[in-house]
There are 2 protein chains.
Amino acid sequence: MNRPIRRVTIKQVAEEAGVSTQTVSRVINERPDVAPETRQRVKEVIARLGYQPSSVARSLIQGRTRTLGVVGYGVEYFGPSRNLSGIEQQASEMGYALILDLVRRPEQSNVEHILREMLARHVDGIIWAVPEIGGNREWVTQAPQLPVPLIFLSTQPRPGIAIANVDNRSGGRMATRHLIEQGRRNIGIITGPLSWWEARQRQCGWQDALENAGLPVSEEFVVEGDWSAASGEQGLRMLLERCSRLDAVFASNDQMALGALQAARRAGLRVPEDLAIVGFDDIPEAAYFCPPLTTIRQDMVELGRLAVRELSRMIEASLEGQTTIEPRAILLRPQLIVRESTVPQGNRTYLFRR
Amino acid sequence: MNRPIRRVTIKQVAEEAGVSTQTVSRVINERPDVAPETRQRVKEVIARLGYQPSSVARSLIQGRTRTLGVVGYGVEYFGPSRNLSGIEQQASEMGYALILDLVRRPEQSNVEHILREMLARHVDGIIWAVPEIGGNREWVTQAPQLPVPLIFLSTQPRPGIAIANVDNRSGGRMATRHLIEQGRRNIGIITGPLSWWEARQRQCGWQDALENAGLPVSEEFVVEGDWSAASGEQGLRMLLERCSRLDAVFASNDQMALGALQAARRAGLRVPEDLAIVGFDDIPEAAYFCPPLTTIRQDMVELGRLAVRELSRMIEASLEGQTTIEPRAILLRPQLIVRESTVPQGNRTYLFRR
DNA sequence: AGGTATATTGTTATCGTTAACGGGATACCA
DNA sequence: TGGTATCCCGTTAACGATAACAATATACCT
């Protein structure tokens, strides 16, 4: 393995081309005040030596790295990974690189340490994409004091703080309203862990829909899961024990819905005839569940893209010394995807009802 | 939004503590030659001002950023996302930050551009985790000429190049041998896209197992999918048309196996009695398929961790000016997970046969 | 001719940090 | 007393680039 001993620097290019480093710099940055033939000569040398400006040195003097810090959780899950993908796409299109930090225990991560690390690397802005669990976001009040802008993803809005969310509550409402429209009256919910803000939001949506329809909201219909298929299976078993007239369930994610499907099958219930099931997320597999799963799709890629655009806007404003800019709250509406776990195959025309 | 105008620098700390910047630097880096009370005083100032050394400036002079470049593909899929997770864990434990670049079209990504970008940011090493598709890795011969070490993930081994793989061929063999041991004799395969090296490896494993068992290997039994559930569904339909005595299928990933399960159901076949199905990956949902899916588990997290450790070893060697270090090829064996898609529920004892 | 504008290039300082070296003070030894 | 070692700290230069300014040459105008 033979490596070039050192990188090529601007100095070497300057020497080789017989000009000053400043002139080379001007060529690199496409400044106008360079004679055409000089520019040409320098460009040739750059190409010949394979010179690449050091963005580290550049960052130092310009006070900006064109780097965003991303603090994420759960890339192995569908939503967060799509989210990261969207962030990367938009960042890359806007000329930003990403520094990635994945948190393993979102409920007790060392915020202080992570932020210091990011700031030491002079990121221009930070995307905080860790779910809000228990009190793990109490430090939010300090966010405006950070030397760089920060945007939160999927956390509770708060005045003066930039944020981008999918409207989980509205999603829960849509899922539940759909079940009601199918004539269901005893609608249970398998929630996510209730320490999660998003899980509570989805539950609120479920409750909204029931109340709007004048249906009773009972504790009896609520079971708390942990997002896993196993917990969905167990959750449905518990609901069925408690309430034999249960005719529908809103599972707060597709994995739990999958578990619930299995529990229904084992209990000898037909889906959707005896029991309708709605999920949340629309993972790619959902269309191939048995039966295919009705669910709520959220565009996490777009959410990531929007977050980067908003953060970039904040960065620009901050660089120009503007202090008047008010952080926005972005809210993305999810979408109901109807499949056979709520509507019997024969009734497919329902889909086109309106 | 009021931000601190500027960051605290070492100069301010030095001034405030009445020492030179060099002394502050010595305190930060825990050098021995500082008087205890001076050290104490400086530390207090650091704490009071909330000073954090700039790793940008540090990188510039030390010629090392403690940063790894990760070029990845498909974080929205299970394997790659776990892989990234493992990389991040190990890197973080070893004090490296990650710069992430996600490629969207792995078969025609701009390698040159990506590498230049990474090198401009002075990464200490690069992890290339983009699947090998068609000729998209022909540039591999230039890898040893890069100024920093590079390790490939999930690509064809090559002497002189560091690499870390799951043994896909062995996985394909295990899956197929398991089917043979179940008494199956007409075993089809739904492959991944055959432009993918990994897909071909899995197919080779299937062929190995058939040949070892003295079973005929026929083109008729091969259908090419595209990793999606839809292609798995269509794939099985085609296999069934071609060959009515088909009694088992190896689907080269779990999504395609899911599609195949649906196709089998629609064709009125019982799984596993009429048709046994094996997948590949062991996604978390696989255990909740209908029936639960036998599959090949690969530890992508561990693969990521190993890659980082190996890369770190190469970086250290490179920094010490060693040229003798020979890049290793890491090969991780996958594992067969037996579930009900190949073994009828009553026969569960099979699991403990040996 | 002299003055002013414009085009092109170079010089010096700077970003925040550390490497390399030097120098003063003290202690210890012959 | 002088020499040497050790401790502690400061000065200068450097990393690789750009900002700010200065300088030169040329062109153009009055």
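So that the names make sense, note that chain A is the first sequence line, chain B the second, and so on, each numbered from 1. Only heavy atoms go into these numbers, but all of them, side chains included; no hydrogens, no water, no symmetry mates.
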[X] [atom1] - [N] [atom2] separation (whole Å):
{"X": "B/Asp33", "N": "C/dA25", "atom1": "CG", "atom2": "C1'", "answer": "15 Å"}
{"X": "B/Arg64", "N": "D/dA14", "atom1": "CZ", "atom2": "C1'", "answer": "20 Å"}
{"X": "B/His122", "N": "D/dC15", "atom1": "NE2", "atom2": "P", "answer": "13 Å"}
{"X": "B/Tyr51", "N": "C/dG16", "atom1": "OH", "atom2": "P", "answer": "10 Å"}
{"X": "B/Asn29", "N": "C/dT17", "atom1": "CG", "atom2": "P", "answer": "11 Å"}
{"X": "B/Ile10", "N": "C/dA19", "atom1": "CD1", "atom2": "P", "answer": "11 Å"}
{"X": "B/Lys11", "N": "C/dT18", "atom1": "NZ", "atom2": "P", "answer": "15 Å"}
{"X": "B/Glu37", "N": "D/dC7", "atom1": "CD", "atom2": "P", "answer": "15 Å"}

Pair A/Arg39 + A/Glu30, salt bridge at N-O below 4.0 Å: yes
Ion pair B/Arg64/B/Glu316, N-O distance below 4.0 Å: yes
Does a nitrogen or oxygen in the side chain of [X] sit under 4.0 Å from OP1 or OP2 of [N]?
{"X": "A/Ser20", "N": "C/dT11", "value": "no"}
{"X": "A/Ser25", "N": "D/dA17", "value": "no"}
{"X": "A/Thr21", "N": "D/dG16", "value": "no"}

Sugar-phosphate only, base, or nothing, as touched by A/Arg31 at under 4.0 Å among non-hydrogen atoms: sugar-phosphate
Atom pair CG/OH of A/Leu102 and A/Tyr73 - distance to nearest 0.5 Å: 11.0 Å
Euclidean distance, A/Arg104 CZ relative to A/Ser109 OG, rounded to 0.5 Å: 13.0 Å
B/Gln40 versus B/Glu44, side-chain donor and acceptor atoms under 3.5 Å: yes
Under 3.5 Å, N/O pairs linking protein and nucleotides 20-26 of chain D:
none

Mutual orientation of the aromatic rings belonging to B/Trp139 and B/Phe152 [parallel < 30°, tilted 30-60°, perpendicular > 60°]: tilted
Any donor-acceptor N/O pair, A/Asn136 side chain to A/Pro131 backbone, under 3.5 Å: yes
Positions of residues 54-62 of chain B (non-hydrogen atom under 4.0 Å from DNA chain D), listed by number: B/Leu60, B/Ile61
Residues, nucleotides or ligands: over 12 heavy atoms within 6.0 Å of A/Glu15 CD: no
CZ/B/Arg116: more than 12 non-hydrogen atoms of other groups inside 6.0 Å: yes
